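Accompanying notes for the structure given below.
Heavy-atom basis, side chains included; hydrogens, waters and symmetry copies ignored. Below, read A as the first sequence line, B as the second, and so on, with proteins coming before strands; counting in each chain starts at 1. Just so we're clear, the structure is a prediction, and the values are computed from it rather than from any experiment.
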There are 2 protein chains.
Amino acid sequence: MQQVAHHAGVSLATASRVLHGSGSRTVGEELRRRVEAAAQELRYVSNAPAQALARATSSVVGLIVHDVADPYFGAIAAGAMRAAREQRLMVMIAATFREPGLELEYLRGLRAQRARAVILAGSGTADAAATAELAEEIAGFEADGGRVVCIGERGPDLDTVAMANRAGGGLAVRGLWELGHRRIGVVSGPSELLTVRHRLDGARRALRALGAPLPLRAVVEGDFTRAGGRAAAVRLMTEQPDLGALLVLNDVMAAGALAGLRDDLGLAVPTRVSVVGFDDVPFAADLSPALSTVRLPLEQAGEAAVGLLLEPPGDAPRRVELAAELVLRDSTAAV
Amino acid sequence: MQQVAHHAGVSLATASRVLHGSGSRTVGEELRRRVEAAAQELRYVSNAPAQALARATSSVVGLIVHDVADPYFGAIAAGAMRAAREQRLMVMIAATFREPGLELEYLRGLRAQRARAVILAGSGTADAAATAELAEEIAGFEADGGRVVCIGERGPDLDTVAMANRAGGGLAVRGLWELGHRRIGVVSGPSELLTVRHRLDGARRALRALGAPLPLRAVVEGDFTRAGGRAAAVRLMTEQPDLGALLVLNDVMAAGALAGLRDDLGLAVPTRVSVVGFDDVPFAADLSPALSTVRLPLEQAGEAAVGLLLEPPGDAPRRVELAAELVLRDSTAAV
DNA sequence: CTGTTAGCGCCTTCAC
DNA sequence: GTGAAGGCGCTAACAG
């Protein structure tokens, strides 16, 4: 920048003002033109780290997900990045690959980068120790002036974009009920994930309200992956062959469940058993049969998270609630 | 760090050496311990931008994709991030949402961030002007000491991870041929994308070698999206109803094609028409019917790209070639 | 409006 | 092995 200033015959400060002009200070037309020309000619590229150092704030926001290849996070990331672009923010992304310790490590890394904010997109966990450590790191991050927003519940004092996981679980179960299903099973994910707990809880409550409490044996747990869904669904239908409908707690697992039902067990969907997934990821409609599922506005969640980051800190924690919607396709049938 | 040094009763330089110790200088056991204790106690977090400024190099690498929500890029990103984690690199991700200008803009942004390197994951384009501009920016980036690697062809003088797009196109066509298909059509993507051109070219050559050149009317172009694939497939089968097999140039489009054939045209796959896709994204096996496709080692490509980044610049451009493999599932049948 | 002058937090010769 | 001092590129008062 020194060079640009010299080349344009102005002071360093003036060059800085026209090039990065932050704030009220304005520069005369003539000088402004000269500086811009010089920058152009010298192919000047500003130095973001230096700016970050001087202003004690940067234009990067962090995004921590479990797995970028998972369409659930892909959709959230897409929404967040679209919003980030509008705000001219760069996003630094980190994937924990579902290793709990990595979330903490990356948050620390983002703190070292002096990220202006970070979005915790993955589900919180029921592990108290891990949660406490994370809370401490979050506090540190915020003490440094950074903002943190969670997608999904993480704690009452955090800005969060809340997904209707409980309501969604209820929606699914009631939808199945209305189709005439009475023997409903649940293919669940790892029970330490809050997201899983909430979805399951929503389903449980709805069933209880309907007068048909969910028996323990009708719930089986698997990894939050395709293979996990397949194995769990097969196990559940083997142990409880009288089930007529399955709620699978995410679409990726549901894809596996569909495969297991068809290829491992030879059970026809939806004639023999109906299946409802959760999330409505892009490929849900292309599965065989097209998956009925609980739609969550994933991209919108990513956008909303960036929206919260932009708002000034505020006294009370902010929340935006996103609704769920049941979409019935071909994997469910009336009985 | 000043504080840590003071707290440990050592100089700033010593604290720096034990905390970020880059290089030959070593610190005595005793002092080292004291500094570490002080850092721990004061909850010191190093300042990456300051380090970047002082060392004139950072630990962030950029990753530019077209769309994070696209499973093709999701898989590449996952591979790249896994490798980045092993190297303790942070990755800054940017999505162009297929707007050509954005690639340039983001590359510039990454340059401003003083990223140590950037991976251009999206396909190159046949637009000469855009390519030239990009080349210039790449040159500038490298002049600043940054490294650039491309996934897919971008130019002979760039480090690149080459995917077997041509060979894959040939593989698909020959596979279909061996199944007895003689009337093969191609659902293509935007012809300005180099990836598309290479895949199509591979198919063309193979067909010519087989003595049955691909007629122009048997190729139809659509967006590189689900909707694009659907529309193009429907159009192609409507105009050329005698086609017995379709090569769709990526899996996302193939998902759309399958939907269109089934829901819009009522054509049975694979009995009436066989379909083969390209990429083998994770959901390919879950489509209805399970999609036969040309598998590309996507995650591996991401990892390889990071691998290239790490190697010292070298005199000649480096290349790593990744092979394609035809995987036949249920969307293809013999005639 | 424009220029001067201190730093921002850290690294790195260079002496000790 | 350890400390002192200058500088990385930029911003932000503060004077003119």
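The side chain of B:Ser16 sits closest to C:dC11 out of D:dT11, C:dC11, D:dG9. Ranking D:dC10, D:dT2, D:dT11 by closeness to the A:Arg55 side chain, first place goes to D:dT11.
Not one N or O on the side chain of A:Arg318 forms a donor-acceptor pair closer than 3.5 Å with the backbone of A:Leu309. The backbone N or O of B:Leu12 lies less than 3.5 Å from no partner atom in the side chain of B:Ser16, so there is not a single donor-acceptor pair. Of the possible polar contacts, one joining the A:Ser123 side chain to the A:Thr195 backbone as a donor-acceptor pair under 3.5 Å is found.
Nucleic acid contact class of A:Met1 (heavy atoms, under 4.0 Å, all strands): base. Within the 4.0 angstrom heavy-atom criterion, only backbone atoms of the sugar-phosphate kind lie near B:Leu31; the bases stay farther away. Within 4.0 Å (heavy atoms only), B:Ala13 reaches at least one base atom of the nucleic acid.
The interatomic distance linking A:Arg32 (CZ) with C:dC1 (P) rounds to 10 Å, in whole Å. Taking atom CG of residue B:Leu12 and atom P of nucleotide D:dG1, one finds them 20 Å apart after rounding to whole Å. In this structure, A:Arg114 places its CZ atom 18 Å from P of D:dT11, rounding to the nearest Å. Residue A:Glu30 contributes atom CD, which lies 14 Å from atom C1' of C:dT2 at whole-angstrom precision. Rounded to whole Å, atom C1' of C:dC10 lies 11 Å from atom CG of B:Leu19. C:dC11 atom P lies 12 Å from atom CG of A:Leu53, rounded to whole Å. When rounded to the nearest whole Å, the span between CZ of B:Arg111 and P of D:dG9 equals 14 Å. The nearest whole Å value for the distance from the CD atom in A:Gln113 to the P atom in C:dC8 is 21 Å.
For C:dG3, the base has a donor-acceptor partner in the side chain of A:Arg17 [N/O atoms by modelled type, under 3.5 angstrom].
Remark: B:Glu153 engages B:Arg319 in a salt bridge, criterion side-chain N to carboxylate O under 4.0 Å.
Checking the phosphate oxygens (OP1, OP2) of C:dT2, no side-chain nitrogen or oxygen of A:Thr14 falls inside 4.0 Å. For C:dC11, the OP1/OP2 oxygens have a side-chain nitrogen or oxygen of B:Gln51 closer than 4.0 Å. When the side-chain nitrogen and oxygen atoms of A:Ser11 are compared with OP1 and OP2 of C:dT2, none of them lie within a distance under 4.0 Å.
Both B:Val10 and B:Ala54 lie near DNA chain D, and the one whose nearest nucleotide falls closer to the 5' end is B:Val10. The 5' end of DNA chain D is approached more closely, in terms of each residue's nearest nucleotide, by B:Gly9 than by the other of B:Gly9 and A:Asn47.
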Are A:His66 and A:Phe97 close enough, and set up right, to give a ring-ring contact (aromatic ring centres under 6.0 Å, His included), and what steps lead you there? CA-CA 5 Å; A:His66 286 338; A:Phe97 296 101; over 10 Å; no

